[in-house]
Student: 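Below is one structure. I have some questions about it.
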Amino acid sequence: MKYPLIVYDSLTGNVGRFASRLEFKKVKVSPELKVNQPFLLVTYTTGFGEVLRSTQEFLKRNYSNLLGVASSGNKNWGQLFGRSADIISFQYNVPIFCEFELSGTCNDIERFTQEVNRIVQFNSKVD
């Protein structure tokens, strides 16, 4: 398996900054975006632990190629931190690759990259 596409949704720039530090091909969610290949979603949690509407609309059109999800959040929200990843993981039966605060740390980037490499290696053995 080749490396999956990273699809991200960002409003304030935190997720965009996280995605910009990833060494994978990436694209930002837009209303017309259609993804016809395996991808990982990186999004953020909004409101009181909710999935962003643009992310929901994107997933309605593209969920069949979703491999996993990561979410930004703010730890000040306690149990609601990164909750959009929990919701998407449950709704689409995919793993959570990582939950990170704001635009993430170097350790978050490393952990996300390791998870991507792990899934690529696993799928290469299965192919």
Student: Around atom NZ of Lys28, are there more than 12 heavy atoms of other residues, nucleotides or ligands at under 6.0 Å?
Tutor: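 More than 12 heavy atoms, drawn from other residues, nucleotides or ligands, come within 6.0 Å of this atom.
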Student: I need the minimum non-hydrogen distance between Ser71 and Ala85, along with the two atoms involved.
Tutor: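 Heavy-atom minimum between the residues: CB-CB, 3.5 Å.
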Student: Which one of Ser84, Ser54, Ser72 satisfies the side chain to side chain donor-acceptor pair (under 3.5 Å) criterion with Asp9?
Tutor: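 Looking at Ser84, Ser54, Ser72, the match for Asp9 under the side chain to side chain donor-acceptor pair (under 3.5 Å) is Ser54.
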Student: I need the full list of side chain to side chain donor-acceptor pair (under 3.5 Å) pairs touching residues 29-38, with sequence neighbours left out, sorted by first then second residue.
Tutor: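 Of all non-adjacent pairs touching residues 29-38, those that pass side chain to side chain donor-acceptor pair (under 3.5 Å) are Ser30-Glu32.
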Student: Distance check, rounded to the nearest 0.5 Å: Thr43 atom OG1 versus Gln56 atom CD?
Tutor: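 The CD atom of Gln56 is 9.5 Å from OG1 of Thr43, to the nearest 0.5 Å.
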Student: Phe18: what forms a ring pair (Phe, Tyr, Trp, His ring centres under 6.0 Å) with it, not counting sequence neighbours?
Tutor: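 Ring pair (Phe, Tyr, Trp, His ring centres under 6.0 Å) check on Phe18 returns Phe100, Phe112.
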Student: Does Arg111 have any salt bridge (charged side-chain N to carboxylate O under 4.0 Å, His left out) partners at least two apart in sequence or in another chain, and if so, which?
Tutor: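 Partners of Arg111 by the salt bridge (charged side-chain N to carboxylate O under 4.0 Å, His left out) criterion, ordered by chain and then number, come out as Asp108.
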Student: From Tyr44 OH over to Leu11 CG, what is the distance, rounded to the nearest 0.5 angstrom?
Tutor: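 It is 4.0 Å, given to the nearest 0.5 Å.
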Student: Can you list the residues that meet the side chain to side chain donor-acceptor pair (under 3.5 Å) rule with Ser89, with sequence neighbours excluded?
Tutor: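 In terms of side chain to side chain donor-acceptor pair (under 3.5 Å), with neighbours along the sequence ignored, Ser89 is linked to no residue.
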Student: Kindly state each residue pair satisfying salt bridge (Lys or Arg N to Asp or Glu O under 4.0 Å) with at least one member in residues 54-67, sequence neighbours excluded.
Tutor: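 As it turns out, the salt bridge (Lys or Arg N to Asp or Glu O under 4.0 Å) pairs with a partner in residues 54-67, which skip direct neighbours, are Glu57-Lys60.
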Student: What is the distance from atom CG of Leu40 to atom CG of Leu67, rounded to the nearest 0.5 Å?
Tutor: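 Output value for this atom pair is 5.5 Å.
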Student: How long is the straight-line distance from CG of Leu52 back to OG1 of Thr45, given to the nearest 0.5 Å?
Tutor: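 Interatomic distance, Thr45 OG1 to Leu52 CG, rounded to 0.5 Å: 9.5 Å.
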Student: Other than Val94, which residues form its hydrophobic cluster under the rule that side-chain heavy atoms must be closer than 4.5 Å?
Tutor: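 ILVMFWY cluster around Val94 also holds Leu5, Val7, Val27, Val29, Leu33, Val35, Phe39, Leu41, Val51, Phe58, Leu59, Tyr63, Leu66, Val69, Ile87, Ile88, Tyr92, Ile96.
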Student: Can you give me the closest heavy-atom contact between Gly68 and Phe97, atom names plus distance?
Tutor: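 Shortest heavy-atom separation between Gly68 and Phe97 comes out as CA-CE1, 3.5 Å.
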Student: Nearest 0.5 Å, please: how far is CD1 in Ile109 from SG in Cys98?
Tutor: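 The SG atom of Cys98 sits 7.5 Å away from the CD1 atom of Ile109.
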